[in-house]
Amino acid sequence: MSVLNRMRLCCGAAAIAVGLAAPAGAAGKTEITLLYPIAVGGPLEAVINGLIDRFEAAHPDVEVEAVYAGGYRDVEVAARAAIAAGDAPAVALMEATQMFELIDLGFITPFDDLAATPEDKAWLGSFYPAFMSNSVDADGRTWGIPFQRSTAVQYWNKAYFRDAGLDPEVPPATWDELVAMSKILQDKTAADWGIGIPSSSSWMYQSIALQNGASLSAPDGRSADLDSTAAIEALQWYADLSLVHAVQSPGVIAAATLPQAFFEGKYAIIWQSTGSLTNVLDNAPFDVGVGMLPGNRQRGATAGGANLYLFAGAPEAEKAAAFELVKFLTQPEQAAEWTIATGYVAPSPVDWEVDALKDLTARVSGYAVARDQLEFTDRMFATYAQGRTYGLLNAAVQAAVTGQAPAADVLGRLQGEVEAVLAPYRK
Amino acid sequence: MTLEDSGFRLPRRRLLAPLGRIPDPVFAWLILLPALIGLSTFSIVPMAIGIWNSLQGARSGEPMGLGQYQAMIGDPIFSTALVNNLLFSVVTVPISLALAMLMAVLVNRRFHGRALARLAFFTPAMLPVVGAASIWLFMYQPDFGVINSLLETLGLARQNLLGQPSTVLPALMVVMVWKEAGFFMLLYLAALQSIPGELNEAAVLEGAGGWYRFRRITFPLLMPTTLFALIIAVANSFKHVDFLFVMTQGGPANASTLLLYHIWDTAFIQFRPGYAAAVSTFLVTILVILAVVQIRLLDRRIHYR
């Protein structure tokens, strides 16, 4: 073979190689990764995939790889690992309370930078303020878009209410009513306990504190106010439900097994996330009432759930595509579909105008309760170094609920510990 | 004609001849090389990186030093985890091994349904930890769990065993013993079957009773297995914390937190890799010391055949 022939052959091979490689690059498709968790039961992966397919059909230039990463914590670990490896995902669904920690790590980018058009800006302002309280920082920048949001609601066993001679349509509206009605229910029905408020995390305590007018963390996430009189009173009331009034089972109540105990008639009233709404309504073998949490100085329920975050480390083209994806997922059609499939609260008032959701709220009143309660809903405890402060808060609540120490002592110590953790963030 | 002349072995010799010229020490290292590469990639280098990380300052810009170790010693959750873990090991390891030996001796005899009994004892060891933990979570459930229903029929008050700081650790110890004993039973069963029958027969002829034979023949001959199982059981009592994720998340109020769970929490929830590396280094040091002490103390008393 001559030298010339050899060169021709090489050129030919190279041309073929280029030709084979071309389709991926030439079409100019932007590939983005969406990391998401599933925190409640049900075939939700199929729902997500359906939403993604519709998005891709509307945006042929974008290809979304939706990665189911496990629980909320697993998504965070997966995102951190990907970032450490230099391959940041474009967008992820992570806990709303992680916002400050993610800002501190430099992982996420504010939506304001990408919202250029007036429509985009209007979209940023279209969500319930109660949910945005865990999505916007003290300077007004939007770091997360609410998705898969929840609040806590009160579920009660209507049959027991009838047995006890109580009006099955009227749940307790104040703390005192809650204790009084729980006593009656416990005495006059087969229920072992009047009330069950899960204490495996501090989420319910945050709602109780809010009902007493206490906001536990500052909007800028740099300080906490955990030992105010209102907060101490709230925690002591929570602990006294089992320690003094004996209307709640002693010890820490696990959120995971509480619905099952409710189904078996062990509790007359329970507090649970709206994320369990579909599960509770489908599985309880009796008539279930769904209502707002009671109040003391005011009604109150903390928000819960997740935000969609954009990652700073993704290339600009991917960020732009991810921005479109987030917009798409929070459009009323999609948000309503997600709410119907899960029971999570649709994050924007316009979502509730979608016919499918309107039908559902007309048929099952439970779905509207969470929406109506948003008026009394405020932000969750969220600070910098959230992993540490939240762990300390959970342990403190459990120490008080199990009667290891009075609420005043527990919260006084907690305030010192949390302030020590947050001190570096105030420099 | 000698064998040398036949030519049969010549090609072979030529093939191996270059190997013969390699000096012995070099040859030994060459043979060890694959194992060394594996060990260093997956154990030694990560361990060195871990120690290096543990010596970094808590915040960027801080000089290298023992700051993370000081933070560790001053952390009340670390002390709780350490005390819990030591209690956990001291209680679960002897009970697991004693139960394992008992079960092995029981199912080593001939009786009807022996295979079934062996299977039953070994089943917990085959279950995935998270699955087993989920089962126990529901069994311990205060309102409808099996254990509380039993307590109630016995006329005792129901207990929220996982929800009270005073009972959570014992409740988890039960799960650990239940899970581990079956596995060690398997080791003991294998060891029992390698004990020569003549020894027992001779003892029977001499008129030795069952307990005497166990004490003088079976138990001593099981000692090599016991040492091996002891080291593994102690390491497991520090390593196997998967059930905490399902059952208590270290709660209530850190009453059931163990060292490895504390490491995971500080590394992946609190994002303090340096601190987590310090606790990991501490944990590895404990395990190495415990293993050395056990081997030194027991080795002299063991009768190896």
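Order of the sequence lines fixes the chain letters, A, B, ..., with proteins taken first and strands second; residue numbering starts at 1 for each chain.
Between Phe144(B) and Thr257(A) the shortest heavy-atom distance is CE2-O, 3.8 Å. Residues Ala253(B) and Ala395(A) share a closest heavy-atom pair of CB-O, 3.3 Å. Counting all heavy atoms, side chain and backbone alike, Gly163(B) lies closest to Thr402(A) at O-CG2, 3.4 Å. Of all the heavy atoms in Asn160(B) and Pro250(A), the pair that sits closest is ND2-O, 2.8 Å.
For the atom pair CZ of Arg73(A) and CG of Asp265(B), the computed distance is 6.5 Å after rounding to the nearest 0.5 Å. Atom CZ of Phe271(B) is separated from atom CG of Leu102(A) by 7.0 Å, given to the nearest 0.5 angstrom. Note that the CD1 atom of Ile77(B) and the CD atom of Glu417(A) stand 7.0 Å from one another [nearest 0.5 Å].
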Self-check item: Worked check of side-chain contact (heavy atoms from CB on, under 4.5 Å) between Arg158(B) and Asp192(A)
Solution: CA-CA 11 Å; Arg158(B) 282 193 307 204; Asp192(A) 293 330; 2.8 Å; yes

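Both the backbone and the side chain of Pro252(B) come within contact range of chain A, judged by heavy atoms closer than 4.5 Å. Using a 4.5 Å cut-off between heavy atoms, Ala385(A) makes no contact with chain B at all. Heavy atoms closer than 4.5 Å to chain B are found in both the backbone and the side chain of Arg388(A).
Applying the 6.0 Å contact sphere to CZ of Phe183(B) captures no more than 12 heavy atoms from other residues, nucleotides or ligands.
For residues 259-272 of chain A, heavy-atom neighbours of chain B at less than 4.5 Å comprise Gln260(A), Ala261(A), Glu264(A), Lys266(A), Tyr267(A), sorted by residue number.
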